[in-house]
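These figures come from a predicted structure and were not determined experimentally. Hydrogens, waters and symmetry mates play no part in the numbers below; they use all other heavy atoms, side chains included.
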Amino acid sequence: MAEGGRKPYDVFKTMLPKLTAALGKEPTFTNVTDFLLADDLITEQQLDSIKSKTNLTDQKRGSEVAHCLREKIRNHDNPAKCLLKICDIFEDEDDVGSEVLKKHGATMRSKIKETPEASRSDPIKAQPTVPVFSGTTAASSRFRSVSDRLENAISSCLTGVVSKLYAPGLISLDLKDEMINSHDIPSKKASKLVSELQRSLNSHEHPETFLNDVCTVLREVGEKPITDIVNKLGTTAASPVSHPEEISKRNLGIEDVETVTTVLNKALFGATKWVDLGLKLGLLMPRLNVIGEGGGDAYRHLRRTIEAWLEEEDNVTSRTWQTLIDAVEGTGDRAAAQRIPDKLKTFYNITL
């Protein structure tokens, strides 16, 4: 298994016994399933089937929901993305309001690496306009690590913080109005504000830039508790990495699958060479045969090959950009191998 996180299916499966009772109790059951249905994480047929079983205990009803989610994760093109959507719902205080699910959602989130951008069924064919890089994970994780302290620090000067964040467009006008006009206690509003910043950071095209902008604004508030937190956060919230060796030698993980497939696509690597690439990366033919028999076209097979590499299957010993470049060149596609550094330079401003 790749460093830095566990497989999403295994993470969720481990949590099943703790989730079932909370999922089955009202009003949590209704609140959660409404959002799961809206996000296509559970089907109307599945939900109707559960609701039709009138004699179910809370535990059994929650178990039915949990097992539907487990199968959704198992069969999803991007299991990490699927589990993170579930965590978002579980952690929603306002609409779901379950402290138990919030706790378990946070626990599951901490055990995997985030992949904030949505996946497509054929990611090599149809790429997002802006590829997703693992800086998203780093920025999100750093911000989350100080979120509880930040909530406490800004609750006493919330109006000033909100005004500062709104001026450069870091929060919406609706959120600003809610923070100022809501009758909630300051600590609850502070929690909502920090949560919204976290969501914006998770989905931002340039997470490090967004985090740096937030840090700059928070320093301008002039409150020492806030400045101390931001200064600590800012020691690692740097601009995109500019040192070649940090990029070329950094271990990649399953959360980087979208990045890798995007770069291969932009480097014009031929998806039909997925078997050759898999062998050069350290995968064995039995596994590649299974990938080939799993259906789909060459683009899908290439993606599954990259996933297996990033999960360190078979004889994989290295998961770096340099390893990928060497493997691509080893397939005979030297031109694509030479293009990869240029594509990375575009996003990281480096030269490998």
Side-chain angles (χ1 to χ4, degrees), residues 27-28 31-32 34-35 38 84-85 87-110 114 116 135-239:
T28 302
N31 293 340
V32 169
D34 283 347
F35 282 95
L84 288 166
K85 287 174 68 177
C87 291
D88 285 342
I89 293 172
F90 284 3
E91 294 176 80
D92 192 328
E93 285 186 7
D94 295 331
D95 296 312
V96 174
S98 169
E99 287 298 319
V100 174
L101 289 183
K102 180 183 177 183
K103 175 184 175 183
H104 295 327
T107 298
M108 290 189 292
R109 186 187 295 277
S110 70
E114 285 193 34
T136 305
T137 300
S140 297
S141 297
R142 293 201 306 275
F143 188 79
R144 185 176 295 108
S145 71
V146 301
S147 60
D148 56 341
R149 286 178 288 152
L150 188 58
E151 289 174 13
N152 292 333
I154 68 177
S155 61
S156 62
C157 53
L158 196 59
T159 300
V161 169
V162 168
S163 296
K164 289 284 188 181
L165 289 169
Y166 174 71
L170 295 173
I171 61 172
S172 67
L173 178 60
D174 287 344
L175 181 58
K176 176 191 174 187
D177 290 343
E178 181 182 349
M179 292 293 103
I180 293 176
N181 299 323
S182 169
H183 296 299
D184 286 334
I185 59 176
S187 60
K188 185 171 183 178
K189 290 196 284 187
S191 177
K192 174 71 178 292
L193 177 60
V194 171
S195 295
E196 289 300 321
L197 289 173
Q198 182 78 62
R199 289 190 181 95
S200 296
L201 177 60
N202 292 350
S203 61
H204 204 276
E205 294 176 351
H206 304 289
E208 293 287 0
T209 300
F210 180 81
L211 182 56
N212 282 330
D213 289 345
V214 170
C215 288
T216 298
V217 167
L218 291 178
R219 286 191 189 96
E220 293 174 357
V221 174
E223 295 288 335
K224 187 176 185 303
I226 298 176
T227 302
D228 289 344
I229 294 169
V230 170
N231 284 342
K232 184 175 181 180
L233 182 61
T235 58
T236 51
S239 299

Please tell me if the side chains of Lys188 and Lys192 come closer than 4.5 Å, counting only heavy atoms from C-beta onward.
no

Counting C-beta onward and ignoring hydrogens, is there a side-chain heavy-atom pair between Met179 and Leu175 closer than 4.5 Å?
yes

The criterion is salt bridge (Lys or Arg N to Asp or Glu O under 4.0 Å); which residues satisfy it with Asp148, sequence neighbours excluded?
none

Per-pair distances, 0.1 Å, donor-acceptor, side chain in residues 162-170, under 3.5 Å, sequence neighbours excluded:
from: Ser163; atom 1: OG; to: Thr159; atom 2: O; distance (Å): 3.0

Minimum heavy-atom separation for Cys87 to Met108, with atom names?
SG-CB, 3.9 Å

Distance check, rounded to the nearest 0.5 Å: Thr216 atom OG1 versus Leu211 atom CG?
9.5 Å

Is a donor on one side and an acceptor on the other found under 3.5 Å between the side chain of Ser147 and the backbone of Arg144?
yes

State, to 0.1 Å, how close Leu158 and Pro186 come at their nearest heavy-atom pair, and which atoms those are.
CD2-O, 4.1 Å

Validation row: Ser195, Arg199 side chains within 4.5 angstrom (heavy atoms):
yes

Would you say Ile226 and Cys157 make side-chain contact, with heavy atoms under 4.5 Å?
yes

Restricting to side chain to side chain donor-acceptor pair (under 3.5 Å), what partner residues turn up for Ser182, sequence neighbours left out?
Asp184

Would you say Leu201 and Val214 make side-chain contact, with heavy atoms under 4.5 Å?
no

Using only atom types and a distance under 3.5 Å, with no angle test, would you say the side chain of Ser191 pairs donor to acceptor with the backbone of Ser187?
no

Say you draw a straight line from CD of Glu196 to CD of Glu178; how long is it, rounded to the nearest 0.5 Å?
7.5 Å

With rounding to the nearest 0.5 Å, note down the distance linking CG in Asn202 to CZ in Phe143.
9.5 Å

Between Val194 and Ile154, is any pair of side-chain heavy atoms under 4.5 Å apart?
yes

Decide yes or no for Phe35 and Asp88: does some side-chain heavy atom of the first lie under 4.5 Å from some side-chain heavy atom of the second?
no

Lys176 NZ to Asn181 CG distance, which is reported to the nearest 0.5 Å
9.5 Å

